Structure formats: C-alpha cells, structure tokens
Protein chains: 2
Amino acid sequence: MDREEARERLLGAAETLYYSRGIHAVGMDEVRDRAGVSLARLYRLFPSKAHLVAAYLRARDERWRARLSAFVEDGTPERAGSSARLLAVFDWLAEWFAEPDYRGCAFINAWGEIGGADDLVASAVREHKELFRAYLVGLAADRPDPVATAEQIQTLAEGAMVTSAILGGPAAARARSAAETVLAAA
Amino acid sequence: MDREEARERLLGAAETLYYSRGIHAVGMDEVRDRAGVSLARLYRLFPSKAHLVAAYLRARDERWRARLSAFVEDGTPERAGSSARLLAVFDWLAEWFAEPDYRGCAFINAWGEIGGADDLVASAVREHKELFRAYLVGLAADRPDPVATAEQIQTLAEGAMVTSAILGGPAAARARSAAETVLAAA
DNA sequence: GCTAACCTAGAACGGCCGTTCTCGATAGGG
DNA sequence: CCCTATCGAGAACGGCCGTTCTAGGTTAGC
C-alpha cells in the first residue's frame, strides 16, 4: 500500500466514522482499524487529530460540491435560466436528505462540536460555507442582484438541512417552494 | 442553600459552560466548581450527565421561547396582523445574533454533538424545534395555510441561525427580507 | 549479505472524564 | 443530648483518548 492509498483509506474511514457518529465520539484507534493502516503511519500522514478532521472536511467539501454541481448542470439545460438552476439545488437536497445515512450537514455538525476551539477545523467549515455561497452566486449570475439572491437561497438551504436532520419531513420541498416565491419576486 | 437553589445554580452553570464551549468539552467537575455545589449533590439532583444536559436544554428552551414571544408581543400591536408578528421574529433574531456571546443555536449545536446517540438529549432538541414551529403556526393563525407559512418561516430562521454563527454578517436582516417576500406572496 | 530505512502491531503514557466512595462536619427531630 | 440524615471536599476508580514509543519484520541499495 503506497502513501496515496493509505491517505485515501484514512480519509474514507474518517468520513464514514466522523459523519455518522460525530468527531468527539470516534477515537484514532477506530479510524486506524477501519482504514487498516498503522497508527504510526496515520500520524506520519496527519500530525494530529485536528489535521485529520480538517482534511476529512476539505475532502468532503470537494465531493459534496462536485455532486451538487453535477446534478444541477446535468439536470438543467444551459439556457434554462438561473431560476431553474437555483431550484435544482433543492431537488438535489431532497435526494441527499433521502439517503438512509443522512445525518445533517457535516460542517454544521462539526461547527456545533468544535465551535471556534480549533482553528484548522473552524476555517475548513467556514470555507465550505463560503464556497457554497460562491457557487450559488455563480448560479444567480444573470439576476439583478446575484449576491442577495444567493444569500437568500443559501439561508433556505441551510435551514432545510437543519430541519430535515432534526424534524424530518419534506424539508427540501418546502424550502424549494419558498425559493420559488423568492425567485419570482425579483 | 436549599434544593431549589442548588438546582438553579447547577442549571445556570451548565448553560454558561455548555453553550459557550460545547457539551463534550465541559466536564462535571467544572460544572460543580462554577455552581459551587458538591459533586454528590449534583448527582443526587441529576443522575447522569445526560440528565443534566437535557435539563439544561429544556430550561433554555423555555427561556428562549419566552424571550422571543415577549419581544414579538410587546413590540407588535395585537391588530398588526400575522405578517408583522412573523417578521418581528427576525428582528428578535437580529438582536440575539448581536449579543457578544452568541454561538449559534444551542439545540442545533447539541444535535451536531450528540446526534441520536442519547435519547434524552435528542428528544429535548426535537421538542424545542417542534415548540418553535408550533409558536410560528400560532403567529400565522389568520393566514390561509398557517402550517405551510410557519414551516417556511422556520426554515429561514434556522438558516439564519446557522449562517450567522458560521459566516457572520447581517443574516437576520437577509432572512427577514426573504420572509417579507414569502409573506407577501400569499 | 548487510545496512538502513520504513513498515506493522501493539504496548505504554499522561491526562481527562463520568461516576462512586470515603470521611468528617453539620444540623434538625425525638 | 443523641441519632440520623444530609451535606461538602475531595480522593478513588475504571475507562477512554490522543500521542509516542518499542520491538520486530520487510524491502531496497550497495
């Protein structure tokens, strides 16, 4: 097993364990066991747990945004206009929320656990939310005020993630209908 | 110090510590020190940490909803209509977000930390969000579909709590303007 | 074939956590 | 006045965590 494969197996194990059970609740031994990588090698690749957690969050951020943009761009024709693409975000959220292992937004959860206590983790969370916002600004590019539109859409999306995780129900569809109203009003 | 005062001091210490630093990060010794109550007495009043955490959340839920409803009912005349009262929710959120020790929603944070791992804590979180929703349904009573309106307003409010905590900025005002649009559309 | 570097398995360490126990002090009821 | 029950301070306990260390194996270069 070369260095790259060890790194990927560690990040995969970290994602599965941290996302499903939380960060504090999962020890380094468990990550090592699931990845099949020795503890010494783990610490050679990630010098502390905070580094591993931040790397897990950054890897998840990239996969999450790639999945979202693939869904939006595949499902919505180029010239469909910004409203259709922004609404497609909620269709993707609905699919995500329906996955059996959905446990809310990993970044919101990490923020609740770590807060500002660790700079590495806090900045990974903040950057993910900034990149999500930037993506929405891009989708809203041909609207009068792309930034304002993106911020309102993001607020609805974050709210849907939270209420879906805690209360369940068709949170994405409800947020989508609010988004339709917001987008129709400009 | 009688039983009631000990209980209140423990809940006050728990609220300050858990809200500002997270649940996992605060040990029972620290709660005992800040409350000035012996550990034996703490465990006589709350048989486990989960009981203390759940009691902290339930006490915070009551104070939080009391503050919100006092703001909405004091600041908005009875006959102002449901839109004004629902928008006042966001004015109160703006005041809350501006408090120097604002660290996001305690219930969303607790959910991120505990998830479904503890039933006592999970049900306290769920019930808080249900009671918040029920309050909004009451505010929206004279609208065509009070439940649908309340759910959209709640989505915006939860989204504002999250984005304000992580990204800062005038999240409440932005959510308020989206809420204005949503409320004007029915 | 030897050395040196890197690997694994797992023990070890210091520290903290939740919980219980010890022990002496205190105070109210008979 | 004594007995009992509750109290406070803090030690003690078992367990887990993050991190480092040890011991021995495997491989690659000379």
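Every chain is numbered from 1 and lettered A, B, ... according to where its sequence line falls, protein lines coming before strand lines. These figures come from a predicted structure and were not determined experimentally.
Close to dC7(D), at under 4.0 Å from its OP1 or OP2, lies a side-chain N or O of Arg44(B). Listed pair Arg41(A) / dC6(C) fails the phosphate criterion, with no side-chain N or O lying under 4.0 Å from OP1 or OP2.
Here dT19(D) presents its C1' atom at 16 Å from CG of Leu45(A), a figure rounded to the nearest Å. The nearest whole Å value for the distance from the CG atom in Leu52(B) to the C1' atom in dC17(C) is 14 Å. For the pair Arg32(B) CZ and dT19(C) P, the interatomic distance rounds to 14 Å; values are reported in whole Å. At whole-Å resolution of the value, CG in Asp29(A) and P in dT20(D) are 14 Å apart. Computed from coordinates, the Asp2(A) CG to dA5(C) C1' distance equals 17 Å when rounded to whole Å. Phe46(B) has its CZ atom 15 Å from the P atom of dG18(C), to the nearest Å. Between Leu42(B) atom CG and dG8(D) atom C1' there is a gap of 13 Å when expressed in whole angstrom units. Residue His24(A) contributes atom NE2, which lies 15 Å from atom C1' of dG15(C) at whole-angstrom precision.
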Between the protein and nucleotides 27-29 of chain C, which nitrogen or oxygen pairs are less than 3.5 angstrom apart?
none

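When each of dA9(D), dT20(C), dT20(D) is scored by its nearest atom to the side-chain atoms of Tyr43(B), the top-ranked nucleotide is dT20(C). The side chain of Lys49(A) lies closest to dC17(D) when the candidates are dT8(C), dG10(C), dC17(D). Side-chain proximity of Ala40(A) to the nucleotides dT8(C), dT19(C), dT19(D) is greatest for dT8(C). Of the candidate nucleotides dG18(D), dG10(D), dT19(C), dG18(D) has the atom nearest to the side chain of Met28(A). The side chain of Leu39(B) approaches dA11(D) more closely than any other nucleotide in the set dT19(D), dG8(D), dA11(D).
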Taking distance alone, no hydrogens or angles, what donor-acceptor pairs closer than 3.5 Å link side-chain atoms of residues 140-153 of chain B to residues at least two apart or in another chain?
from: Asp142(B); atom 1: OD1; to: Ser82(B); atom 2: OG; distance (Å): 2.9
from: Arg143(B); atom 1: NE; to: Thr149(B); atom 2: OG1; distance (Å): 3.3
from: Arg143(B); atom 1: NH1; to: Leu183(B); atom 2: O; distance (Å): 3.4
from: Arg143(B); atom 1: NH2; to: Leu183(B); atom 2: O; distance (Å): 3.3
from: Asp145(B); atom 1: OD1; to: Val147(B); atom 2: N; distance (Å): 3.4
from: Asp145(B); atom 1: OD1; to: Ala148(B); atom 2: N; distance (Å): 3.2
from: Thr149(B); atom 1: OG1; to: Asp145(B); atom 2: O; distance (Å): 3.1
from: Glu151(B); atom 1: OE1; to: Arg174(A); atom 2: NE; distance (Å): 3.3
from: Glu151(B); atom 1: OE1; to: Arg174(A); atom 2: NH1; distance (Å): 3.3
from: Glu151(B); atom 1: OE2; to: Arg174(A); atom 2: NH1; distance (Å): 3.1
from: Glu151(B); atom 1: OE2; to: Arg133(B); atom 2: NH1; distance (Å): 3.4
from: Gln152(B); atom 1: NE2; to: Ser177(A); atom 2: OG; distance (Å): 2.7

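Val31(A) comes within 4.0 angstrom of no nucleic acid atom, judged by non-hydrogen atoms across all strands.
For Phe107(A) and Trp64(A), the ring centers are positioned 6.0 Å apart or more.
Residue-environment remark: CG (Asp119(A)) stays at or below the threshold of 12 foreign heavy atoms within 6.0 Å.
The cationic group of Arg103(A) does not satisfy the cation-pi geometry with Tyr19(A), failing either the under 6.0 Å distance to the six-membered ring centre or the 45° limit from the ring axis. With a 6.0 Å cutoff to the six-membered ring centre and a 45° limit on the axis angle, Arg65(A) does not count as a cation-pi contact of Tyr135(A).
A salt bridge links Glu127(B) with Arg58(B): the closest approach of a Lys/Arg side-chain nitrogen to an acidic carboxylate oxygen falls below 4.0 angstrom.
Leu45(B) contributes atom CG, which lies 7.0 Å from atom CZ of Arg7(B) (distance to the nearest 0.5 angstrom).
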